[in-house]
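Per chain, numbering begins at 1; letters A, B, ... match sequence-line order. All values derive from a computational prediction rather than experimental measurement.
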Protein chains: 2
Amino acid sequence: MATTDLSKDLAPIVSNTMADMVELRLREYLKRKSFRPGDALPKELELAEALGVSRNVLREALSRLRMLGMIETKKKRGMVLARPDILGTFERVLDPLIIDNSTLQDIFELRLVLEMGLADLLYIRKTDRDIQELEAIAKKEVNLDNSFRIKNEIAFHGKLYEMSGNDTLKRFQIMLLPIFDYVVSVEPNPTRGDVTHMDLVDILKTGSKDDFKKGMEAHLKPHFDRLR
Amino acid sequence: MATTDLSKDLAPIVSNTMADMVELRLREYLKRKSFRPGDALPKELELAEALGVSRNVLREALSRLRMLGMIETKKKRGMVLARPDILGTFERVLDPLIIDNSTLQDIFELRLVLEMGLADLLYIRKTDRDIQELEAIAKKEVNLDNSFRIKNEIAFHGKLYEMSGNDTLKRFQIMLLPIFDYVVSVEPNPTRGDVTHMDLVDILKTGSKDDFKKGMEAHLKPHFDRLR
DNA sequence: TTTTTGATTATGTACTACAAATGAAAATTT
DNA sequence: AAATTTTCATTTGTAGTACATAATCAAAAA
């Protein structure tokens, strides 16, 4: 074997802190023992002793799991395994100011991908009532000035996600909004697609799924044109 | 004012622990001061004193931010703001055993949405070399037994994400795989679509973007048919 | 039987002490 | 004078003790 790809043979030394390792160990432990939400965990002192660390370090690790919503603790009752909110943790690091430009661009594209792929779910689950509400949003925007138009833009596309009947997707979209706004705000000349929101509503009313896909593609075309 | 919507008047008591509040305060602080990655933070003692909490509590909060990759610390150098890996944190809570069924279903659908929306990026960025590699994967699967076929299935769709040229998207897919596998494994009778992987490759070679979208729709049809 | 009280117990917070690492300054050598 | 080594100071990392707080359970009182 030659000297190529040393990293395969020599894993980088990761000077993990105790809290890091304890966090990992607790994860493994919870998994191995196949704890289910609601199950009670040993108390802090027992865990600390078993792991051979101070209660201090243990609590730093527990604090992380608690933040993620993996565990919940009550004063005398002890700790129980809980269901983490998978998106809640995501939200904490989603700040346009911290994320690097390359990832920002990725997320921008991710939103486009989601929006393009939404059609299939939409045509499975859309209701007349949904379309009415969507139309109301689209109608409102004709006589709005520019500042309110952005809000309306968000409302329209947000309603589309809502109509998908997928709560996780909807929440995901809400979280990505600031990122999306940020990227759009950086764009030099915001152009508009040939297909308007009202056009999309009309398609949803009477058109086929393929019609809608083509319509959405035309609606988002200015964004896609910026990609390479 | 009537007694309706009490929650507007009486905000629910959130018995946050000190660490929770300190975490929040630190977040606000970092944001307000518009710290940038690489900037140095005050030392623990100063922060603890300013916040009026013990160093212990402060460290529990810092431990969380450290886990998220928002800060990094070195022994004498102090703490610096860092760039969190937005997906890394996500990964930590993505365990099919912990996530409730409703969210599992949502994530399953999310994958379908992504896959359907991928076409536009693909047709912007696909290269001949990509298609060759994809074809190699598709060709391999004809004479594989069932256990390896799943791996190949993953390889094929993974390659598609890779061809999108969006690293975040690709990583996202990898993270969602276990969830997807889990949901699929629960399915009673895994049926196959009329359009095979080889068909998709052929479309990519000579067909139009619309052809590919229709092909992918047919390929995933069994999954979509299960939705309501 | 119901209510009250109190003991018990696990988590939450504070404080102190020291180890380890590391960057800077001082001392030494070349 | 420049380079190297040594020493020192500083900041995070870990341990341990002590006490506050809240929730549970059981015993005692009404």
Side-chain angles (χ1 to χ4, degrees), chain A residues 12-30 33 35-84, chain B residues 11-30 33 35 37-84:
Chain A
I13 293 179
V14 275
S15 163
N16 280 336
T17 169
M18 283 287 183
D20 288 331
M21 294 197 286
V22 169
E23 183 207 338
L24 192 64
R25 289 289 200 85
L26 286 178
R27 284 207 138 77
E28 293 169 355
Y29 170 71
L30 296 179
K33 288 276 193 175
F35 277 105
R36 309 287 307 166
D39 290 354
L41 271 56
K43 31 194 183 193
E44 293 184 353
L45 275 174
E46 290 174 5
L47 288 173
E49 195 176 6
L51 289 163
V53 296
S54 74
R55 186 160 162 249
N56 224 327
V57 167
L58 176 79
R59 279 184 62 84
E60 285 189 20
L62 288 178
S63 175
R64 299 178 179 188
L65 301 187
R66 207 158 21 232
M67 174 184 66
L68 297 180
M70 293 184 65
I71 61 175
E72 286 172 1
T73 59
K74 289 245 168 92
K75 271 284 160 71
K76 144 144 186 176
R77 208 158 144 192
M79 295 178 289
V80 295
L81 199 66
R83 267 192 216 291
Chain B
I13 294 179
V14 275
S15 162
N16 280 335
T17 168
M18 284 285 184
D20 288 332
M21 293 197 286
V22 169
E23 183 206 337
L24 192 65
R25 288 289 199 85
L26 286 178
R27 283 209 137 76
E28 294 169 354
Y29 171 71
L30 296 179
K33 288 276 193 173
F35 277 107
D39 291 356
L41 272 56
K43 34 194 183 194
E44 293 183 352
L45 275 174
E46 289 174 8
L47 288 173
E49 194 177 8
L51 289 162
V53 297
S54 73
R55 187 161 160 247
N56 222 328
V57 167
L58 176 78
R59 279 185 61 86
E60 284 189 21
L62 289 178
S63 175
R64 300 177 178 187
L65 301 187
R66 208 158 20 231
M67 174 185 66
L68 298 179
M70 294 183 65
I71 61 175
E72 285 172 2
T73 59
K74 288 245 170 90
K75 272 282 159 70
K76 145 145 184 177
R77 211 163 141 185
M79 294 176 290
V80 295
L81 200 66
R83 264 191 218 294

message: Once salt bridge (Lys or Arg N to Asp or Glu O under 4.0 Å) is applied, what residue pairs with a partner in residues 66-75 of chain B remain, sequence neighbours excluded?
response: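 The answer is none; no pair qualifies.
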- request: Write out all pairs satisfying salt bridge (Lys or Arg N to Asp or Glu O under 4.0 Å) with one or both partners inside residues 35-57 of chain A, taking only residues at least two apart or from two chains.
  value: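 Qualifying pairs, neighbours excluded: A:Lys43-A:Glu46, A:Glu44-A:Arg55, A:Glu44-A:Arg59.
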- prompt: For DNA chain C, which nucleotides open and close the run of contacts to chain A, 5' to 3', at under 4.0 angstrom from a non-hydrogen atom?
  reply: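 Here the contact window of chain A covers C:dT8 to C:dT13.
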field: Degree of bending, the helix from C:dT1-D:dA30 to C:dT30-D:dA1 (end axes from five pairs; round to 10°)
entry: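 Here the local axes at opposite ends form an angle of 10°.
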Between atom [atom1] in [X] and atom [atom2] in [N], what is the gap in whole Å?
X	N	atom1	atom2	value
A:Met21	D:dT14	CE	C1'	12 Å
A:Leu58	D:dG13	CG	P	17 Å
B:Glu60	D:dT14	CD	C1'	14 Å

Can you see if the side chain of [X] gets near the phosphate of [N] - specifically, an N or O under 4.0 Å from OP1 or OP2?
X	N	answer
A:Ser54	D:dT14	no
A:Arg55	D:dA18	no
A:Thr17	D:dT12	no
A:Arg77	D:dT24	yes

message: Assuming nearest nucleotide by heavy-atom distance, tell me which of A:Lys76 and A:Ala19 is located more 5' along DNA chain D.
response: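 Closest to the 5' end, via its nearest nucleotide, is A:Ala19.
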field: Upstream residue (5' side of DNA chain D) when B:Lys74 and A:Val57 are each assigned their closest nucleotide
entry: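 Looking at the nearest nucleotide for each, B:Lys74 comes out on the 5' side.
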message: Let's see if you can work this out: which of D:dG16, D:dA22, D:dT10 has an atom nearest to the side-chain heavy atoms of B:Asn56?
response: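 Of the candidates, D:dG16 comes closest.
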Are side-chain heavy atoms of [X] and [Y] found at a separation under 4.5 Å?
X	Y	value
A:Arg27	A:Leu65	yes
B:Ile71	B:Val80	no
A:Leu26	A:Leu62	yes

query: Going through the distances and angles, do A:Leu30 and A:Leu41 end up as a side chain to side chain contact (heavy atoms under 4.5 Å, CB included)?
result: CA-CA 9 Å; A:Leu30 296 179; A:Leu41 271 56; 4.1 Å; yes
task: Report the residues that fulfil salt bridge (charged side-chain N to carboxylate O under 4.0 Å, His left out) with A:Arg83, sequence neighbours left out, ordered by chain and then residue number.
output: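 So A:Arg83 forms no salt bridge (charged side-chain N to carboxylate O under 4.0 Å, His left out) with any residue.
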task: Go through the steps for A:Leu47 and A:Met79 under the test side chain to side chain contact (heavy atoms under 4.5 Å, CB included), then give the verdict.
output: CA-CA 11 Å; A:Leu47 288 173; A:Met79 295 178 289; 3.7 Å; yes
query: Can we say A:Asp20 and A:Arg64 salt-bridge, meaning some charged N sits less than 4.0 Å from an Asp/Glu carboxylate O?
result: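 Counted as a salt bridge, because a side-chain N and a carboxylate O are separated by less than 4.0 Å.
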query: If you measure from CD on A:Glu28 to CG on A:Leu24, what distance do you get to the nearest 0.5 Å?
result: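 If I round to the nearest 0.5 Å, the distance is 4.5 Å.
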Within residues 41-53 of chain A: residues closer than 4.0 Å to DNA chain C (heavy atoms):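 Per residue number, the list reads A:Lys43, A:Glu44.
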message: side chain to side chain contact (heavy atoms under 4.5 Å, CB included) for A:Met18 and A:Glu60? Distances and angles first, verdict last.
response: CA-CA 9 Å; A:Met18 283 287 183; A:Glu60 285 189 20; over 6 Å; no
